[in-house]
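The structure appears below as structure tokens.
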Amino acid sequence: MEQPSFPVQLRQIRETELLIGIPSYNNARTVGHVVRAVMAGLAKYFPKARAVLINSDGGSTDGTQEEVRRVQIEDYKTILTSHPVHPIHKIVTPYHGIPGKGSAFRTIFEAAKSLKAKACVVVDSDLRSITPEWVELLLRPIYEEGFDYVAPLYARHKFDGTITNSIVYPLSRALYGKRVRQPIGGDFGFSGKLAEFYLTKEVWETDVARFGIDIWMTTLAIAEGYKVCQSYLGAKIHDAKDPGSDLGPMFTQVVSSVFSLMKEYEKVWRTVKTSESVPTYGFHYEVGLEPVLVHVERMIGNFRLGVKDLTEIWRRVLLPETLRWLESVGQLSDEAFSFPQDLWVRIVYDFAIAYDKGSVHRGHLLKSMIPLYLGRVASFVKENMDSSAVEVEKRIESLCNAFEEMKPYLLERWE
Amino acid sequence: MGIKIREVKDMSEIWRAAILDSFNRFLGKVLTFLPNLLAMITILIIGFLIAWIVKMILVHFLKALQFDKVSEQWGLTRLLSQGGVAYSPASLLGRFFYWIIVLITLILGINALEVAATQNLVTQFFNFLPHLFAALGILVIGYLIGIFLGQAALIAAVNAGMDSAKVLSRSIRWFIIILSLTMALYHLGIAERVIVAAFSITFGGIVLALAIAFGWGGREFARDFLERLYRKKGKEGEGKDHISHI
């Protein structure tokens with residue numbers, strides 16, 4: 001039987017209190033588990049609320065959409081709950097626009113606005129570690145506590161999330177003054193009011209529509225003064241297709257989103273002097289994480305190649321003393337290799353300034369930053385090879401403090 | 001005796017007439033030439049004024065469009081400063097059009113004198129002008145494309161871990177610049193056949209030399225390279241980092 005169109009289905013439902021969005025593309029293997037976890041979470045923690053589940057799909061050819069339609073919870077008693085009072089409406093729809101998560105989210109935001117949803121959640125469709133509790137942790141702060149945005153907080157391997165740990169988290173914290181630990185986590189809660197605000201922005205043809213959507217959502221929520229918190233969700237295990245791959249596009253899209261937003265919210269971050277914690281929900285517990293393989297020598301090799309061949313470009317971005325410092329790091333042996341955090345902070349700030357000025361083609365600028373990033377990651381991994389997760393977190397905190405202390409350097413060099 | 005006196009009188013009349021005639025002819029030519037001279041001076045004054053006004057408007061317009069910023073991004077400012085040019089790109093373009101208008105004014109002014117020798121020269125100059133502009137456009141665009149693609153290739157090669165990134169980048173840049181130069185000269189009609197032949201021979205020679213060097217002289221190296229590439233692709237899954245960067 002042919003399904004009615006997406007707008008027709010929304011009109012038929014008319015209104016909802018809760019909306020769960022699941023963007024997908026060829027995730028038939030994992031989306032079933034995600035949908036079951038969401039349905040169980042809604043039944044267990046919000047049994048009396050009206051809820052809609054929307055799968056915003058990018059044209060999957062592996063049966064993802066059919067799997068979402070098919071999945072049901074056969075027996076609610078096995079998960080120690082009962083049927084929800086209101087049936088959970090499921091809508092499966094393709095999204096339009098540039099292929100990427102951002103375009104999928106736009107469809108979900110439009111549905112939230114159309115259905116006047118009070119509280120919304122988006123979760124990745126390749127999650128293997130999602131539990132029904134995630135639904136409560138991401139929805140309840142909005143549904144009952146009056147927050148507008150809930151960022152996730154995961155237990156991650158100490159070497160995971162290097163772009164987050166070395167650039168996005170410390171930079172966002174120094175700029176906007178909120179310690180949202182994982183601003184590009186991937187699974188979020190947000191209010192209907194915030195979803196409507198997101199729709200007012202014309203970003204859907206830019207890098208935001210690709211890898212930049214997560215940081216864009218977090219930054220706007222903080223910079224525009226919405227009430228932000230974070231919830232501890234435990235380990236995030238997802239169906240990574242190719243670990244460590246596609247670094248180039250991922251890096252450039254995320255970092256370009258961060259740098260672009262600096263221009264837009266210059267008036268906000270110029271006045272921020274310190275950072276503060278945000279309320280954190282959830283019960284923190286330790287999880288066992290599998291060791292990961294990192295090729296430090298190859299990263300150092302990439303960095304040295306960058307120092308040898310990209311100095312011509314870096315000369316137009318970095319101050320002469322920064323470049324000399326960088327060249328001295330490039331001459332260190334593998335054993336003695338160390339990329340100081342102060343040097344890294346200067347580099348990130350200098351690249352942000354160059355991005356704003358446009359003195360180098362922006363695409364080239366960000367791609368030329370990759371060898372520097374790999375050098376910093378290699379140094380971080382080397383220094384923390386035998387450290388515990390707690391010790392690593394202290395080093396990241398030290399990096400964040402360095403970003404905050406050197407903010408006057410950014411203010412001085414920014415136009 | 002009377003005949004001799006009459007002859008002397010006739011000669012002095014002729015002499016006087018010759019002088020007066022010559023003077024009258026000269027005066028006539030001056031009177032004919034004077035309006036042309038005045039026209040030339042008028043054309044020069046108006047032309048210089050127009051050139052100055054166009055320069056001012058163009059520079060202001062380019063500054064409003066942030067032309068200098070875009071030029072810096074494309075490496076044009078750096079090229080100019082390396083070449084010892086102190087002016088900004090917008091200012092330089094303004095001066096360029098100023099002197100073009102001045103040159104046209106001078107040509108028109110000379111033409112106004114209606115001197116036969118310069119008539120053809122003026123016609124040929126104006127026929128040549130569009131070709132000159134097109135050739136300059138080809139050179140500038142070719143240079144910018146060469147710089148951009150050379151830089152893109154350099155960064156991509158470095159990120160791919162290639163040791164010969166700089167060589168590759170320079171090769172791409174110079175190939176495009178030389179190609180543009182060839183196209184510009186061909187467009188100007190300067191020794192067309194020589195230019196095409198020289199470019200074909202040089203480029204073809206380089207490709208042939210590389211093919212022979214790599215295929216014959218470096219066949220062992222080629223075999224090793226392909227074997228390593230095949231092995232590297234096979235081990236690619238094992239060799240990747242297992243961290244999640246985001």
Side-chain angles (χ1 to χ4, degrees), chain A residues 156-166 168 182 184-186 211 214-215 236 238 240 242-248 250-251 254 290-296 298-299 301-302 305-306 308-310 312-313 316 357-371 373-374 377 381, chain B residues 63 65-82 88-90 143-174 228 232-246:
Chain A
R156 304 190 76 175
H157 188 278
K158 61 185 179 180
F159 296 149
D160 262 346
T162 38
I163 295 177
T164 300
N165 294 342
S166 58
V168 182
Q182 275 148 15
I184 44 179
F211 278 111
D214 298 333
I215 185 59
K236 176 165 183 173
H238 56 143
D242 195 0
S245 70
D246 296 335
L247 171 62
M250 198 190 320
F251 182 90
V254 168
E290 288 180 14
V292 296
L293 178 65
V294 186
H295 292 278
V296 172
R298 188 167 60 196
M299 288 183 178
N302 274 9
L305 194 57
K308 176 166 98 57
D309 291 338
L310 296 180
E312 207 176 290
I313 299 172
R316 288 145 69 187
K357 279 187 185 161
S359 52
V360 178
H361 183 270
R362 284 178 176 156
H364 293 178
L365 177 76
L366 294 173
K367 284 178 189 158
S368 75
M369 198 178 168
I370 292 175
Y373 160 75
L374 290 174
V377 170
V381 169
Chain B
K63 284 198 157 110
L65 286 181
Q66 299 198 319
F67 182 73
D68 287 337
K69 196 172 173 177
V70 173
S71 302
E72 202 185 332
Q73 201 174 321
W74 283 83
L76 201 54
T77 312
R78 191 164 47 98
L79 173 73
L80 291 172
S81 65
Q82 280 171 359
S88 68
Y143 172 77
L144 292 175
I145 291 174
I147 293 288
F148 182 84
L149 291 180
Q151 190 169 270
L154 176 68
I155 296 169
V158 166
N159 285 337
M162 285 175 66
D163 284 324
S164 51
K166 256 189 178 162
V167 171
L168 179 69
S169 163
R170 281 182 189 151
S171 303
I172 289 171
R173 190 194 325 166
W174 280 108
R228 267 187 278 126
K232 186 180 167 187
K233 277 194 186 297
K235 282 188 181 173
E236 211 152 60
E238 304 166 24
K240 277 200 181 296
D241 295 322
H242 283 203
I243 56 171
S244 170
H245 287 274
I246 282 190

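Convention: sequence-line order gives letters A, B, ...; per-chain numbering from 1. From a predicted model like this one, the values you see are computed outputs, not experimental measurements.
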Smallest separation among heavy atoms of Leu305(A) and Val158(B), with atom names: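 For Leu305(A) versus Val158(B), the nearest heavy atoms are CD2-O, 3.6 Å.
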Closest heavy-atom contact between Ile155(B) and Ser368(A)? CG2-N, 3.8 Å
Using non-hydrogen atoms only, which part of Val360(A) is less than 4.5 Å away from chain B: side chain, backbone, both, or neither? both
Pick one of side chain, backbone, both or neither for Val381(A), based on which atoms fall under 4.5 Å of a heavy atom in chain B. neither
Pairwise side-chain contact, Asn302(A) with Asn159(B), heavy-atom cut-off 4.5 Å (strictly under):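 SC-SC contact between Asn302(A) and Asn159(B) ruled out.
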Using the side chain to side chain donor-acceptor pair (under 3.5 Å) rule, pick out the option among Glu312(A), His361(A), Lys367(A), His364(A) that qualifies with Gln151(B). His364(A)
Most heavy-atom pairs under 4.5 angstrom with chain B, which of [options]?
options                                    : answer
Val168(A), Val377(A), Ile370(A), Asp214(A) : Ile370(A)
Ile163(A), Ile184(A), Asp309(A)            : Asp309(A)
Leu365(A), Ile313(A), Val254(A)            : Ile313(A)
Arg316(A), Lys308(A), Arg362(A), Lys357(A) : Arg316(A)

What pairs with Arg170(B) under side chain to side chain donor-acceptor pair (under 3.5 Å), at least two apart in sequence or on another chain?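 Listed in chain order: nothing, the list is empty.
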side-chain contact (heavy atoms from CB on, under 4.5 Å) partners for Asn165(A), two or more places apart: Arg181(A), Ile396(A)
